[in-house]
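Position 1 is the first residue of the sequence, and the numbers go up from there. Ligands are counted one by one from 1 in listed order, and the atoms in each one are counted from 1 as well. On a predicted model such as this, the values are computed, not experimentally measured, just so you know.
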Amino acid sequence: MAVSKIFGAAVKRREDPRLITGRATYTDDVKLPNLAYVAFVRSPHAHARITRIDVSRAQSAPGVVAVVTGQDLVGKVNGIPTAWLIPNSDLKTPTHPAIAVDTVRYVGDAVAAVVAESRAAASDATELVDVEYDPLPVVVDQEKATQPGAPQLHPDVPNNVAFRWTAKGGDVDAAFRAAEVTIKQRLINQRLIPNAIETRNTVAQYNPGTGDLTVTITSQNPHIHRFLLSVILGLPEHRIRVVAPEVGGGFGSKIHCYPEEAVASFLAIQLDRPIKWTEDRRENYLATIHGRDHITDLELAAKRDGTILGIRGRTYANLGAYLSTAAPGIPTILHGLMMTGPYQIAAQDYEVVGVFTNTTPVDAYRGAGRPEATYAVERLVDLLAAEIKLDPVEIRRKNFIPKSAFPHTVASGLVYDSGDYDAALDKALQMVNYQQFRSEQAAARQKGRYLGIGFSTYVEICGLGPSAVAGAVGFQGGLWDNANVRIHPSGKATVFTGTSPHGQGEETTFAQIVAEELGLPLDDIEVVHGDTARIAMGWGTYGSRSTAVGGSAMVLAARKVKEKARIIAAHLLEASPEDIEFVNGRFQVKGVPERSKSIQDIALMANLAWNMPKGIEPGLEESSFFDPSNFVYPFGTHVAIVEIDPGTGVVKLVRYVAVDDCGIVINPKIVDGQVHGGVAQGVAQALWEAAVYDANGQLLTGSLMDYAIPTAEVLPSIETARTETPSPVNPLGLKGVGETGTIASTPAVVNAVVDALAPLGVRHVDMPLTPEKIWRLLPKA
Ligand code: MCN
């Protein structure tokens, strides 16, 4: 393959051979000599006072090394902090002890930890810890939790309201006064449970001789984990090393710093033995964060011709029992600021109320706030179209921010970087052959068949993001990223990234970036990530930021290497640096291919340093710290075609078309893969998945037997295509793609089902669109 074709080529993921042949090291594969295992005793009550804990039976059980309770941690392990302190919201941050001390607040809240010689012994002994509870009243519904007389979770949080936050812009009252038609709808965005292939895992090892703590964690952001662990444990940051090996995916759920990670680390220090914790799937359902869970009331103001004037409303966002690491920022900054979607809607007034309930904490799950915003806007636009009898495609076109209007400031104050929404919509319409579908649909209706088509013309915010904005919105970290490109004497390269890919394929795409810049073969470049001891600093992988931010740092570091190489090449070729050009992967004297040096030649000479140009240091290694000037705003059009079985109510996804624009593409195969996975997750929310609690706070969908994640069999082959609108805010001109599929797909499917049922007078159905729910809407024979 010609060197210049590496960027943009559909190179196969180099991570995959080890993953699919069982040669990868997952976190649970990490074994150390003298390892002891910790298991947690978890509350069976959603809300209760702990009146007594007796650990004596557990302590004397075979193989048990130690048992600790919340009380044992007091003064030694600090509370689990929240890292997103949104301003102007009166945010309350109640203490979150790593192990509950006197009160449990959700089913699964840890009340004790048992350490034993084997995982089985630890797990068995958890049943011998005698805990007496005095049950308290429970609330699981976030709206009810704010009402007078509702059970109170935290003494310092009146009415369970963690925050009230508003995103307001333009004159929304004027918009509603001028409205010729208004649409009002309550939307439930149900709670979801992330299902990574590997559950969470921690292996902590302490060396009292050096004071070094090494923690291997299923982490999406080892440097953030290191920082938070130093805060929780009161240890110096430079004595902590956090390593993320293969983690089995995360989908947002492994961003957060969890109690178990802190407890395992504490125990490793206390007991002077390496400690391992492996979460089982049942625990994963109870104790790993959940996602979504919004109750939203919205109103849209419009003219009869379909022009949208304003949007207003309120969301009650369920936060669960405690504030997880990023929780306050998800329904606000990543959600509330995106409520006008890709449309020119001049006014918005949107309040988000974050509420504590007796449920598992809720935080970032793939898309994190943006799927909820897209769902709300795309449902409302369809409801308006139905109300004024306008085609759902036409109403979208009418309101799109035009291509000429970028960069464009929306009502919430965000500045969208670039876009061409019509181009993506046109391509999608062509792919589905819209007019022909409408005739087929009409014909099918005559025969009693229910076919439907649904659109989602989405825009999302990702590539998190400028650090100054992070600070302004209360994120307790930076959002720049770091890369280092090191060329060894032999001309092979090791490159380091502060992002922490865990399934997204950056070992391939970042190597593509460097190969393209420096003319190195792909196989000669190793991409290192996920280890605070090897990587200077970085902010991790989430918010589809790795490539827009970390990849940009990588290309800038490679360009610095290239610049130095040019100077050395000039010296070796006895030319001036200005006369050196980079052609076909070689540094050559302009127009004289015979007088040229490869990067390998230069790497050897730079590392030997026998003959360096004056003032140039030996070695060939450069770093870059890149802080983008803005977020990036990928967009596109997703179209779902469904058919409903009139006998059973089963929704069959007949076709799925995804046209995405993530700017310039490094690797189309990987981008397609990301879209496929994302769409599967978003479709699953529309049709199947829901975390269900009963009124006592028991999680009824507590296992894979009860929680319906999709299998390949229920999904069609996803048809992908792209438009390419470069982003002006990073040197690669690209936008993120890791979440687009999840963000776009949910409303496309719901809109398609409502379209299919429209002749029956159906205007909205809440997710998930289970067969029973749909069957009840169908005429009975
Ligand atoms: N890419 C590209 N060209 C572009 C944009 C991206 O070739 N114009 C490539 C990237 O180089 C990378 C992949 O596409 O290989 C995704 O990149 P990016 O959009 O930068 O997203 P991140 O790597 O930051 O991934 C985060 C995103 C999120 S937030 C979740 S959640 C998620 C997701 O990615 N979780 C995943 N995809 C996942 N995929 C897997 N397998 N497992 C997860 O846990």
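- Protein heavy atom at the shortest distance from atom 27 (C) of ligand 1 is G738 CA, 3.7 Å.
- Using cut-offs of 30° and 60° for the angle between ring planes, the Y656 and H638 rings count as perpendicular.
- Distances below 4.0 Å separate heavy atoms of Y542 from the following atoms of ligand 1: 29 (S).
- Counting protein heavy atoms only, atom 26 (C) of ligand 1 is closest to Q504 NE2, 3.5 Å.
- Checking R200 against T288 by side-chain atom types alone, a donor-acceptor pair falls below 3.5 Å.
- F496 and F510 have their aromatic ring centers separated by at least 6.0 angstrom.
- One finds a salt bridge joining D481 and R545 here, because a Lys/Arg side-chain nitrogen approaches an Asp/Glu carboxylate oxygen to under 4.0 Å.
- Looking only at distances, a side-chain donor or acceptor of T325 sits under 3.5 Å from a matching main-chain atom of C257.
- The shortest heavy-atom distance from G250 to ligand 1 is under 4.0 Å.
- Ligand 1 has no nitrogen or oxygen under 3.5 angstrom from a nitrogen or oxygen of G249.
- Of the protein's non-hydrogen atoms, the one nearest atom 21 (O) of ligand 1 is S544 CA, 3.5 Å.
- Close approach to K735 involves these atoms of ligand 1, each under 4.0 Å from a residue heavy atom: 4 (C), 5 (C), 8 (N).
- Between V11 and L522, the closest side-chain pair of non-hydrogen atoms falls below 4.5 Å.
- Using a cutoff of 4.0 Å between basic side-chain nitrogens and carboxylate oxygens, D420 and K403 are scored as salt-bridged.
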CA sep, side-chain torsions, deciding dist, call: D16, R13, salt bridge (charged side-chain N to carboxylate O under 4.0 Å, His left out): CA-CA 6 Å; D16 287 348; R13 296 189 351 153; 2.7 Å; yes
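- Contacts between Q674 and ligand 1, counted as non-hydrogen atom pairs separated by less than 4.0 Å, involve the side chain only.
- Looking only at atom types and distance, the side chain of Y285 has a donor-acceptor partner in the side chain of N195 under 3.5 Å away.
- Taking distance alone, with nitrogen or oxygen atoms compared against 3.5 Å, R545 approaches ligand 1 more closely than that limit.
- Within ligand 1, counting atoms from 1 as listed, the ones closer than 4.0 Å to a heavy atom of V671 are 1 (N), 2 (C), 3 (N), 7 (O).
- Inspection of the N201 and T278 side chains reveals an N or O donor paired with an N or O acceptor under 3.5 Å.
- Between V737 and ligand 1, a contact under 3.5 Å exists for at least one N or O pair.
- Under the 4.0 angstrom criterion for non-hydrogen atoms, Q220 is not in contact with ligand 1.
- Residue S546 has at least one nitrogen or oxygen atom sitting less than 3.5 Å from a nitrogen or oxygen atom of ligand 1, judged on distance alone.
- Contacts between T547 and ligand 1 below 4.0 angstrom, taking non-hydrogen atoms only, involve backbone and side chain alike.
- Two rings, from W84 and F475, have their centers less than 6.0 Å apart.
- Those atoms of ligand 1 with a heavy atom of G736 less than 4.0 angstrom away are 19 (O).
- Remark: aromatic rings of F251 and Y365 are distant, center separation not under 6.0 Å.
- Per-residue contacts place G505 under 4.0 angstrom from the following atoms of ligand 1 (heavy atoms of the residue considered): 15 (O).
- With respect to atom 9 (C) of ligand 1, the closest heavy atom belonging to the protein is I670 CG2, 4.0 Å.
- The shortest N or O to N or O distance between C662 and ligand 1 is below 3.5 Å.
- Side-chain contact, N221 with S500: no donor N or O sits under 3.5 Å from an acceptor N or O.
- Both the backbone and the side chain of R366 come within 4.0 Å of ligand 1, judged by heavy-atom distances.
- Between R366 and E739, none of the side-chain N atoms (NZ, or NE/NH1/NH2) sits under 4.0 Å from a carboxylate O, so this pair counts as no salt bridge.
- When hydrogens are left out, the protein atom nearest atom 23 (O) of ligand 1 is E506 OE2, 2.5 Å; that is the closest non-hydrogen contact.
- Near V665, meaning under 4.0 Å from one of its heavy atoms, ligand 1 places the atoms 3 (N), 8 (N).
- Checked by atom type, the side-chain pair D417/S727 shows a donor-acceptor distance below 3.5 Å.
- Geometrically, ligand 1 and I664 share a nitrogen or oxygen pair separated by less than 3.5 Å.
- Side-chain contact check for R292 and Q190: no donor-acceptor pair (N or O, by modelled atom type) lies under 3.5 Å.
- Between the side chains of T199 and E283, not a single donor N or O lies within less than 3.5 Å of an accepting N or O.
- Checked against a 3.5 angstrom limit, the closest N/O atoms of I666 and ligand 1 fall inside it.
- Contact analysis puts G543 in contact with ligand 1, with a non-hydrogen atom separation below 4.0 angstrom.
- Considering backbone and side-chain N/O atoms, F251 comes within less than 3.5 Å of an N/O atom of ligand 1.
- Contact analysis puts G252 in contact with ligand 1, with a non-hydrogen atom separation below 4.0 angstrom.
- Nearest to atom 7 (O) of ligand 1 among the protein's heavy atoms is N667 N, 3.0 Å.
- Within ligand 1, the atoms closer than 4.0 Å to a non-hydrogen atom of E739 are 28 (C), 29 (S), numbered from 1 in the order shown.
- Distances from ligand 1 to the non-hydrogen atoms of P501 include no value under 4.0 Å.
- Looking only at protein heavy atoms, the nearest one to atom 41 (N) of ligand 1 is G503 O, 3.1 Å.
- The protein non-hydrogen atom at the shortest distance from atom 11 (O) of ligand 1 is T509 OG1, 2.7 Å.
- Ionic pairing of R18 and E507 is present here: one or more N-O contacts between side-chain nitrogen and carboxylate oxygen are shorter than 4.0 angstrom.
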